[in-house]
Amino acid sequence: MFSNNEILETIRMIEEENLDIRTITMGISLIDCMDTDINESCKKVYNKIYRLAKDLVSVGNDIAKTYGIPIINKRVAVTPISMLVGVSKGDPVQYAKTLDKVAHDIGIDFIGGYSALVQKGYAPGDLELIESIPQALKCTERLCSSINIGSTKAGINLDAVKKMGEIVLKTAELTKDKECIGASKLVVFCNAVDDNPFMAGAFHGVGEADAVINVGVSGPGVVRCAIKKASENASISEIADIIKKTAFKITRMGQLVGVEASKRLNVPFGIVDLSLAPTPAIGDSVAHILEEIGLEQCGSCGTTATLAMLNDAVKKGGVMASSRVGGLSGAFIPVSEDAGMIDAAKNGSLTIERLEAMTAVCSVGLDMIVIPGDTTKEVISALIADEAAIGMINSKTTAVRVIPAIGKKEGDILNFGGLLGYAPIMKISKLSPAKFINRGGQIPAPINSLKN
């Protein structure tokens, strides 16, 4: 039951503070679509996704209309496609085109799962899929790709790290006529999770049910407004309590939408991802929350500490409002998708080094960062290795979604439009890590991986 005050408060959050459901994502297992004939496998993939998700968009729109809650994206995540490639052989791009076609036909915004999990090495189909990523992202519009190259228990596959530096650069080069947008739909993970509803990293883990509904909530503007109403003399513990209470309210809305979508689509409810996901819209920024807490600008000293508190408070508040919490759950810091981050990057207060420090305490990693187009593949690989090391040692999910701006230099702007936003090209060290990257092999897992 909801009181009149709670209902009015929610309406205000939606109308004035950019509160929304960022995504309803249906996870679909494609294990029963495996076939030694790639043509038959693609037919099975199309038919299963279409059968289960054909009403996802209409149901999402109906729920939004019924409850007055904006639902920004409707998405699908599938079993890592490398597993199907391992059985069928053939050109993996055929799967990419199939996924993109069914995404168009059912009207969803993105489809994720053009993925491989290679933290301990390449299984059949993995390398073939990875090699195909640049072409797959060039010839599709709604497809997203992710590769997991490390974990706390497995260590880091440095051979895969080296390969992904090449793939990121090649993907940007093949889509340079479209602002290098291909690289914006490619994520390299350490400790990837099975139930992530957010793109570009979503895939449907092999331990998941045949189909599930996962929901990703968002509300940076709501959190900022709640803090702004606090006394100037409020202690940091009082600010944390305000964030927790606000996160509870935001997550309860996500739980409502997830359960209702599950019922209408006859698909089990999975999880609510608590993440604060920003947009380029004014008033919908994680960076602005940190500034409301007391920083002159995001990137100053104190940024990592305030972000750590924010991330923890969001989780503590949100977990009590949902029957199932999962995904990434925390605060996202994608540079191009956050108005405050964009401003801080433009004037130099926010650097890649500062962002790397911030990723030790939040979700997910070095996200939507644009770097000069002449950055070498070894530097990109080393950036991936650094971020993966943070995830491995701290037993958390980290990722890199970096876009080399082909033909452009530091200080220029790359504009993707929509939720992906725009960003200044940031400075990155040109010192060569080539000798390290070319050693290959496996960075051993930390000793705590032997706990069971």
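Fair warning: this is a prediction, and the values are worked out from it, not measured in the lab. In this chain, residues are counted from 1 in sequence order.
Looking only at distances, a side-chain donor or acceptor of S41 sits under 3.5 Å from a matching main-chain atom of C33. Of the possible polar contacts, none joining the N157 side chain to the I149 backbone as a donor-acceptor pair under 3.5 Å is found. T175 places a side-chain N or O within 3.5 Å of a backbone atom of T171 that can act as its donor or acceptor partner. Without hydrogens or angle criteria, S336 side chain to A423 main chain gives no donor-acceptor distance under 3.5 Å. Between the T152 side chain and the M392 main chain, a donor and an acceptor come within less than 3.5 Å of each other. Although no hydrogens or angles enter the test, the distance criterion places a donor-acceptor pair under 3.5 Å between the side chain of T398 and the main chain of E387.
Donor-acceptor pairing under 3.5 Å is lacking for the side chains of Y122 and S82. Under the 3.5 Å distance criterion, with hydrogens and angles disregarded, a donor-acceptor pair is assigned to the side chains of N148 and Q119. A donor-acceptor contact closer than 3.5 angstrom is absent between the side chains of E208 and S29. N438 and K162 are linked by a side-chain donor-acceptor pair at a separation below 3.5 angstrom, with hydrogens and angles left out of the test. Looking at T140 and Y114, their side chains never bring a donor and an acceptor atom within 3.5 Å of each other. There is a side-chain donor-acceptor pair under 3.5 Å between Y46 and D105. Under the 3.5 Å distance criterion, with hydrogens and angles disregarded, a donor-acceptor pair is assigned to the side chains of S146 and S115. A side-chain N or O of R354 and one of T304 form a donor-acceptor pair less than 3.5 Å apart. No hydrogens or angles considered: a donor-acceptor pair under 3.5 Å links the side chains of N347 and Q297.
A salt bridge links K163 with E131: at least one charged nitrogen is closer than 4.0 Å to a carboxylate oxygen. Ion pair D374/K430 flagged as a salt bridge, since at least one NZ, NE, NH1 or NH2 atom sits closer than 4.0 Å to an Asp/Glu carboxylate oxygen. Salt-bridge check for D367 with R401: passed, with a basic side-chain N closer than 4.0 Å to an acidic carboxylate O. Here K228 does not pair with E292 in a salt bridge; the nearest charged N to carboxylate O distance is not below 4.0 Å. Ion pair K178/E141 not flagged as a salt bridge, since none of the NZ, NE, NH1 or NH2 atoms sits closer than 4.0 Å to an Asp/Glu carboxylate oxygen.
At a threshold of 4.5 Å between non-hydrogen side-chain atoms, the residues V85 and I81 count as touching. Within the 4.5 Å cutoff, the side chain of V364 has no heavy atoms near those of the T359 side chain. Considering only heavy atoms from C-beta on, V286 comes within 4.5 Å of L307 through its side chain. For the pair I106/Y50, a side-chain contact is recorded, criterion being any heavy-atom separation below 4.5 Å from C-beta on. You'll find the side chain of V93 reaches within 4.5 Å of the side chain of C139, heavy atoms only.
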| request: Assess whether side chain to side chain contact (heavy atoms under 4.5 Å, CB included) is satisfied between T98 and V102, documenting all intermediate values. | output: CA-CA 6 Å; T98 299; V102 73; 5.7 Å; no
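The environment of OH in Y422 is sparse: at most 12 heavy-atom neighbours from other residues, nucleotides or ligands sit within 6.0 Å. Within 6.0 Å of NZ in K170 there are 12 or fewer heavy atoms belonging to other residues, nucleotides or ligands.
Note that CD1 of I167 and CD1 of I380 are 11.0 Å apart. Values are rounded to the nearest 0.5 Å. A distance of 4.5 Å separates CG of L414 from CD of E179, quoted to the nearest 0.5 Å. The CG atom of L295 lies 4.0 Å from the OG1 atom of T306; values are rounded to the nearest 0.5 Å. The distance from the OG atom of S145 to the NZ atom of K185 is 10.5 Å, given to the nearest 0.5 Å. Summarising the geometry, atom CG belonging to L143 is positioned 7.5 Å from atom CD1 belonging to I111; distances are rounded to the nearest 0.5 Å. A distance of 10.5 Å separates CD1 of I24 from CG of N73, quoted to the nearest 0.5 Å.
Partners of K244 by side chain to side chain donor-acceptor pair (under 3.5 Å), not counting sequence neighbours, listed by chain and number: D241. Evaluation of the salt bridge (charged side-chain N to carboxylate O under 4.0 Å, His left out) rule for D91 yields no partner, not counting sequence neighbours. Taking D312 as the reference, K316 meet the side chain to side chain donor-acceptor pair (under 3.5 Å) condition, with sequence neighbours excluded. Contacts of D177 classified as side chain to side chain donor-acceptor pair (under 3.5 Å), with partners at least two apart in sequence or in another chain: none. Shown here are the salt bridge (charged side-chain N to carboxylate O under 4.0 Å, His left out) partners of K97, two or more places apart in sequence or in another chain: there are none.
The list of salt bridge (Lys or Arg N to Asp or Glu O under 4.0 Å) pairs with a residue in residues 338-353, not counting sequence neighbours, is empty.
Aromatic ring centres of F332 and F198: separated by under 6.0 Å.
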